[in-house]
**Q** 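Got a structure here, written out as structure tokens. Questions coming.
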Amino acid sequence: MALETDYLVIGSGIAGLNFALLAAEHGQVVVCTKKRPADTNTNWAQGGVAAVLAPDDSFEQHVSDTLAAGDGLCDRHVVELCVNDGPAEVERLLQLGVRLARDPSGALDLGREGAHSRHRVVHWEDVTGREIQRALLAAVSKHPNITLLDNHIAVDLLSMAKYGGDPACFGAYVLDSRSGEVKTICARATVLASGGTGKVYIYTSNPDVATGDGIAMAYRIGAACADLEFVQFHPTVLYHPHAGSFLISEALRGEGGVLRLANGETFMEHYHPMKSLASRDVVARAIDNELKKSGADAVFLDMTQLDATFVRQRFPNIYERCLGLGIDITKQPIPVVPAAHYMCGGVKTDDTGATTIRGLYAIGECAATGLHGANRLASNSLLEGMVFSSRAAAAVREAPRTRPEKVAPWSYGQATDSNDAIVVSLNWDEIRRFMWSYVGIVRSDKRLERARRRIEILRDEIREYYIDFKITSDLLELRNLALVAHLIIESARRRKESRGLHYTLDYPDKLPEARHSEIQLTDGPRG
Ligand SMILES: Cc1cc2nc3c(=O)[nH]c(=O)nc-3n(C[C@H](O)[C@H](O)[C@H](O)COP(=O)(O)OP(=O)(O)OC[C@H]3O[C@@H](n4cnc5c(N)ncnc54)[C@H](O)[C@@H]3O)c2cc1C
């Protein structure tokens, strides 16, 4: 039996939950999330949400900083609407019970981050995302019209194309990871809020859930995807054997942290007039270059010149985490390296979150709305998550119900239990390593071609494995990860210039005209 709802949301981060809360005012909402509800990138965000709130700031300045970071590829209309909606979305967060830091006068405390010309980042200590996640989940749990299904991973989107219609989307097959049952969930509107793609790379600041599932599922039913070559590498992730993925927020440089080499020398002045406050891509490339030149494992972020009490109060989470690893950041510089952090491209949408497939919406990090262009300005992504989930929740109100009379249940076929799970982990590891080496911070035609050859072999293997064995969440993620890697490689191969986050040795200059890259399934469905 297919389950019916008005709105099916895939993902429980800022975009999915804010959408659910607003849409639940006019319909029934099912949110499925593949692990625990708080396993999201949102929960890991440190810095905060960018919005124009300071007397010396203006919408024009925030727009201009965003356009400058986006390197010619931002959609000005989308930038303006996000920036203009910023203060109202911050107000909404407060109304939802999100705590935000205040200065001694009681006004919201505004942090400054790289490439922002003003203080404009609202935050809660250095765990802003955790606070937003907490408040949104609390509100969702109280709402009678929202059903939250954890440990439910969306497998594939339901498309009318399978029933002889156009490829309109009417829901998804969803695997209950605990029971192994695949549920069919039909909806008037299906909303991808499935987050980013950081796990495509071996070094990433992202949690395990960031495997690009939404982008892969949308691509498989023919949705256009855009700008997938623009992967943001965060310049400063903690370098320590026991740290896992731990981000050292941009806000540390915003508050006066200085990058140094192991010998204590500064180096950013050789790369950009804004030195350590230059935009992320400039800083990440500079560090990558210094590490390649010297063969060192890491560079250092020095906070020791700042007041120790201020550092402890402003960055309690980072301070405690580093101290736990034997680094007192008020006395010692922090060893850091770059890592994959944010996907600027995604499923192409209009300014309401609608994709090129009727009935399918994409919001948050999995979407390419035109806000970020070729490079994201720090703290604009939580803002985008709020703005577009609000806009999509208003747009879906009128969505018509489209579905075939009889929906085919998931076919389990002849698949058997896998006795060879090592194949999944080995393929996973191989993809993430060559993506780092060949499709990382500095690219070239040769490196991209090597990556292309490898990903095609691996995708064939994964396809066979997918047909033969029962699906598990690990196998689904691997299948999606491999497809997203392929899409990133193809998008990068098509861009014959260096722009924003895409830097290639073979075309170091920018072309006179800035164009989005677009990629869409044209050769029949492949897994
Ligand atoms: C360490 C770190 C720090 C950051 N700091 C900031 C910051 O200070 N300011 C800022 O603006 N941005 C920051 N970002 C980026 C920002 O956190 C993300 O872009 C944003 O949270 C994305 O929100 P989202 O709702 O789109 O996705 P997420 O919060 O990532 O949520 C995605 C959800 O989708 C679920 N999901 C995925 N695939 C499936 C599937 N197949 N089936 C079911 N569920 C699925 C996941 O389990 C998860 O629940 C940071 C990111 C990281 C990693």
Side-chain angles (χ1 to χ4, degrees), residues 8-20 30-51 111 113 121-124 126-130 132-133 136-137 148-157 172-177 185 191-199 204-217 232 234 236-238 244-251 254 317-318 339-344 346 362-367 371-372 376-386 388-389 473 476-477 479-481:
L8 170 63
V9 182
I10 297 169
S12 59
I14 190 169
L17 296 184
N18 188 50
F19 173 90
V30 172
V31 179
C32 69
T33 189
K34 65 180 171 181
K35 297 245 162 82
R36 291 168 304 181
D39 285 329
T40 63
N41 274 19
T42 299
N43 202 32
W44 287 31
Q46 296 179 346
V49 187
E113 299 197 348
V121 181
V122 295
H123 62 97
W124 177 247
D126 54 355
V127 286
T128 314
R130 197 192 297 168
I132 294 174
Q133 187 79 46
L136 289 176
L137 279 175
L148 177 60
L149 301 174
D150 62 10
N151 286 290
H152 277 65
I153 176 167
V155 178
D156 267 321
L157 298 169
Y173 289 123
V174 178
L175 169 71
D176 177 343
S177 310
I185 306 182
V191 182
L192 297 170
S194 49
T197 61
K199 294 299 278 190
T204 178
S205 65
N206 290 191
D208 287 348
V209 290
T211 51
D213 298 2
I215 295 170
M217 287 189 287
Q232 186 169 65
H234 197 289
T236 55
V237 170
L238 181 61
S245 306
F246 187 69
L247 188 81
I248 302 297
S249 163
E250 187 116 32
N317 180 43
I318 294 173
H341 185 56
Y342 185 82
M343 169 48 85
C344 289
I363 52 178
E365 189 167 341
C366 69
L371 173 66
H372 308 302
R376 174 188 69 129
L377 185 66
S379 288
N380 265 357
S381 41
L382 291 173
L383 170 68
E384 184 191 40
M386 287 299 289
F388 273 84
S389 50
S473 56
L476 293 173
E477 286 185 338
R479 173 189 185 226
N480 291 330
L481 196 84

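Both ligands and their constituent atoms are indexed starting at 1 by order of listing.
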**Q** Of all the heavy atoms in His152, does at least one lie under 4.0 Å from an atom in ligand 1?
**A**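 Judged by the 4.0 Å heavy-atom criterion, His152 does count as contacting ligand 1.
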**Q** Counting only N and O atoms by type, is there a donor-acceptor contact under 3.5 Å from the side chain of Asn480 to the main-chain atoms of Ala216?
**A**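 Here the side-chain-to-backbone pair does not exist.
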**Q** Do ligand 1 and Leu247 have nitrogen or oxygen atoms that lie under 3.5 Å from each other?
**A**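 It does not: no N or O of Leu247 is found under 3.5 Å from an N or O of ligand 1.
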**Q** Test of understanding: given a 4.0 Å heavy-atom threshold, classify the contact between Leu476 and ligand 1 as side chain, backbone, both, or neither.
**A**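 It is neither; nothing of Leu476 touches ligand 1.
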**Q** Taking the side chain as every heavy atom from C-beta outward, state whether Asn41 and Pro207 have any atom pair closer than 4.5 Å.
**A**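 They are in side-chain contact.
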**Q** Identify the protein heavy atom lying closest to atom 11 (O) of ligand 1, giving its residue, its atom name and the separation to 0.1 Å.
**A**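 Scanning the protein heavy atoms, the shortest distance from atom 11 (O) of ligand 1 goes to Leu382 N, 2.8 Å.
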**Q** Should you measure from each heavy atom of Ile153, which atoms of ligand 1 turn up under 4.0 Å away?
**A**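 This gives 40 (C), 41 (N), 42 (N), 43 (C) as the contact atoms.
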**Q** Quick one: nearest non-hydrogen protein atom to atom 38 (N) of ligand 1, plus distance?
**A**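 The closest heavy atom on the protein side is Asp213 OD2, 3.3 Å.
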**Q** With His234, which residues qualify under ring-ring contact (aromatic ring centres under 6.0 Å, His included), at least two apart?
**A**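 Here the qualifying residues are His341.
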**Q** How does Gln46 reach ligand 1, if at all, at less than 4.0 Å between non-hydrogen atoms: by side chain, backbone, both, or neither?
**A**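 Backbone only.
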**Q** Just need the protein heavy atom nearest to atom 44 (N) of ligand 1, so name the residue and atom and give the distance.
**A**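 Atom 44 (N) of ligand 1 sits closest to the protein heavy atom Lys34 N, 3.2 Å.
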**Q** May I ask which of Met386, Met343, His341 has a heavy atom nearer to atom 2 (C) of ligand 1 than the others do?
**A**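 It is His341 whose heavy atom sits nearest to atom 2 (C) of ligand 1.
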**Q** Checking a contact table here: which protein heavy atom is nearest atom 27 (O) of ligand 1, and how many Å away?
**A**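 Nearest protein contact, heavy atoms only, for atom 27 (O) of ligand 1 is Gly195 CA, 3.4 Å.
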**Q** Considering only the protein, which heavy-atom contact is closest to atom 53 (C) of ligand 1, and what is its distance?
**A**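 So the nearest neighbour among protein heavy atoms is Asn206 ND2, 3.4 Å.
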**Q** Kindly confirm or rule out an N or O of Thr33 lying under 3.5 angstrom from an N or O of ligand 1.
**A**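 Yes - when backbone and side-chain N and O of Thr33 are compared with those of ligand 1, one distance drops under 3.5 Å.
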**Q** Once you restrict to heavy atoms under 4.0 Å, what part of Arg376 touches ligand 1? Side chain, backbone, both or neither.
**A**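 Contact part for Arg376 vs ligand 1: side chain (C-beta onward).
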**Q** Kindly indicate whether the side chain of Asn380, heavy atoms from C-beta on, has any atom under 4.5 Å from the side chain of Tyr342.
**A**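 SC-SC contact between Asn380 and Tyr342 ruled out.
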**Q** Side chains of Ile185 and His152: does their closest heavy-atom pair fall under 4.5 Å?
**A**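 Answer no - side chains too far apart.
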**Q** Side chain, backbone, both or neither: which part of Pro37 has a heavy atom under 4.0 Å from ligand 1?
**A**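 For Pro37, no heavy atom sits under 4.0 Å from ligand 1.
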**Q** Less than 4.0 Å is my threshold; does some heavy atom of Ser12 fall inside it relative to ligand 1?
**A**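 Right, Ser12 reaches ligand 1.
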**Q** With heavy-atom distances below 4.5 Å as the criterion, would you say the side chains of Thr33 and Val209 are in contact?
**A**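 In short, these two side chains do not touch, never coming nearer than 4.5 Å.
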**Q** Out of Leu192, Thr42, Thr128, who gets a non-hydrogen atom closest to atom 20 (C) of ligand 1?
**A**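 Among Leu192, Thr42, Thr128, the closest heavy atom to atom 20 (C) of ligand 1 comes from Thr42.
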**Q** Quick check: does Ser381 get an N/O under 3.5 Å from an N/O on ligand 1?
**A**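 For ligand 1, there is an N or O atom that lies under 3.5 Å from one belonging to Ser381.
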**Q** Would you call Gly214 a ligand 1 contact, heavy-atom distance under 4.0 Å?
**A**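 The answer is no: ligand 1 sits nowhere under 4.0 Å from a heavy atom of Gly214.
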**Q** Strictly distance-based, threshold 3.5 Å: is any side-chain N or O of Gln232 a donor or acceptor partner for the main-chain N or O of Cys344?
**A**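 No, Gln232 side chain to Cys344 backbone: no donor-acceptor pair under 3.5 Å.
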**Q** I want to confirm something. Looking only at heavy atoms, which of Ala45, Gly11, Gly198, Gly47 is nearest to atom 4 (C) of ligand 1?
**A**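 Residue with the shortest heavy-atom distance to the ligand atom: Ala45.
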**Q** Considering only protein heavy atoms, which is closest to atom 42 (N) of ligand 1, and at what distance to one decimal place?
**A**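 Ranking protein heavy atoms by distance from atom 42 (N) of ligand 1, first comes Ala154 N, 2.8 Å.
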**Q** Between Ala339 and Val237, which heavy-atom pair has the shortest distance, and what is it?
**A**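 Closest pair (atom of Ala339, atom of Val237, distance): CB-CG2, 3.5 Å.
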**Q** Go through ligand 1 atom by atom and flag the ones less than 4.0 Å from a non-hydrogen atom of Ile10.
**A**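 Selected atoms, number and element: 40 (C), 42 (N), 43 (C), 44 (N).
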**Q** Nearest protein heavy-atom contact for atom 9 (N) of ligand 1: which residue, which atom, what distance?
**A**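 The closest heavy atom on the protein side is Gly48 O, 2.8 Å.
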**Q** Would Gly385 count as a contact residue for ligand 1, given that I'm defining contact as a non-hydrogen atom of the residue lying under 4.0 Å from a ligand atom?
**A**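 Distance cut 4.0 Å: Gly385 fails for ligand 1.
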**Q** Is there side-chain contact between Asp150 and Arg36, with at least one heavy-atom pair below 4.5 Å?
**A**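 They are not in side-chain contact.
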**Q** Hey, is ligand 1 close enough to Asn41 that some N/O pair sits below 3.5 Å?
**A**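 N/O-N/O distance under 3.5 Å: yes.
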**Q** For the residue pair Glu113 and Leu377, establish whether any side-chain heavy-atom pair is separated by less than 4.5 Å.
**A**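 The answer is no; the side chains never approach within 4.5 Å.
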**Q** Should Val49 be listed as contacting ligand 1, given a heavy-atom distance under 4.0 Å as the test?
**A**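 In this structure, Val49 fails to qualify as a contact of ligand 1 - no heavy atom is under 4.0 Å.
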**Q** Got a donor-acceptor contact below 3.5 angstrom from the Thr40 side chain to the Ser12 backbone?
**A**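 The answer is no, because no donor-acceptor pair under 3.5 Å joins these two groups.
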**Q** Hey, does Ile14 come in under 3.5 Å of ligand 1, counting only N/O atoms on both sides?
**A**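 Between Ile14 and ligand 1 (N or O atoms, distance only) the closest approach is under 3.5 Å.
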**Q** For atom 19 (O) of ligand 1, grab the closest protein heavy atom and report residue, atom and distance to one decimal in Å.
**A**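 Going atom by atom, the protein heavy atom closest to atom 19 (O) of ligand 1 ends up being Glu365 OE1, 2.7 Å.
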**Q** With a 4.5 Å cut-off on side-chain heavy atoms, are Leu192 and Leu157 touching?
**A**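 Yes, at least one pair of side-chain atoms sits under 4.5 Å.
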**Q** List ligand 1 atoms under 4.0 Å from Ala15, heavy atoms only on the residue side.
**A**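 Contacts of ligand 1 toward Ala15, numbered from 1: 25 (O).
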**Q** Is a side-chain donor or acceptor of Asn43 paired with a backbone partner of Ala38 at a separation under 3.5 angstrom?
**A**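 Here the side-chain-to-backbone pair exists.
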**Q** Distance alone, cut at 3.5 Å: any donor-acceptor contact between the side chains of Glu384 and His372?
**A**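 Per modelled atom types, Glu384 and His372 side chains form a pair under 3.5 Å.
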**Q** Of Thr128, Thr236, Ile318, which meets side chain to side chain contact (heavy atoms under 4.5 Å, CB included) against Ser249?
**A**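 Only one option passes, and that is Ile318.
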**Q** As a test of understanding, state which of Lys199, Lys34, Arg479 forms a side-chain hydrogen bond (donor to acceptor under 3.5 Å, both in side chains) with Thr211.
**A**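 Answer to the side-chain hydrogen bond (donor to acceptor under 3.5 Å, both in side chains) test with Thr211 among Lys199, Lys34, Arg479: Lys34.
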**Q** Consider every N or O of Ser205 and every N or O of ligand 1, then say whether any pair is closer than 3.5 Å.
**A**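 Between Ser205 and ligand 1 (N or O atoms, distance only) the closest approach is not under 3.5 Å.
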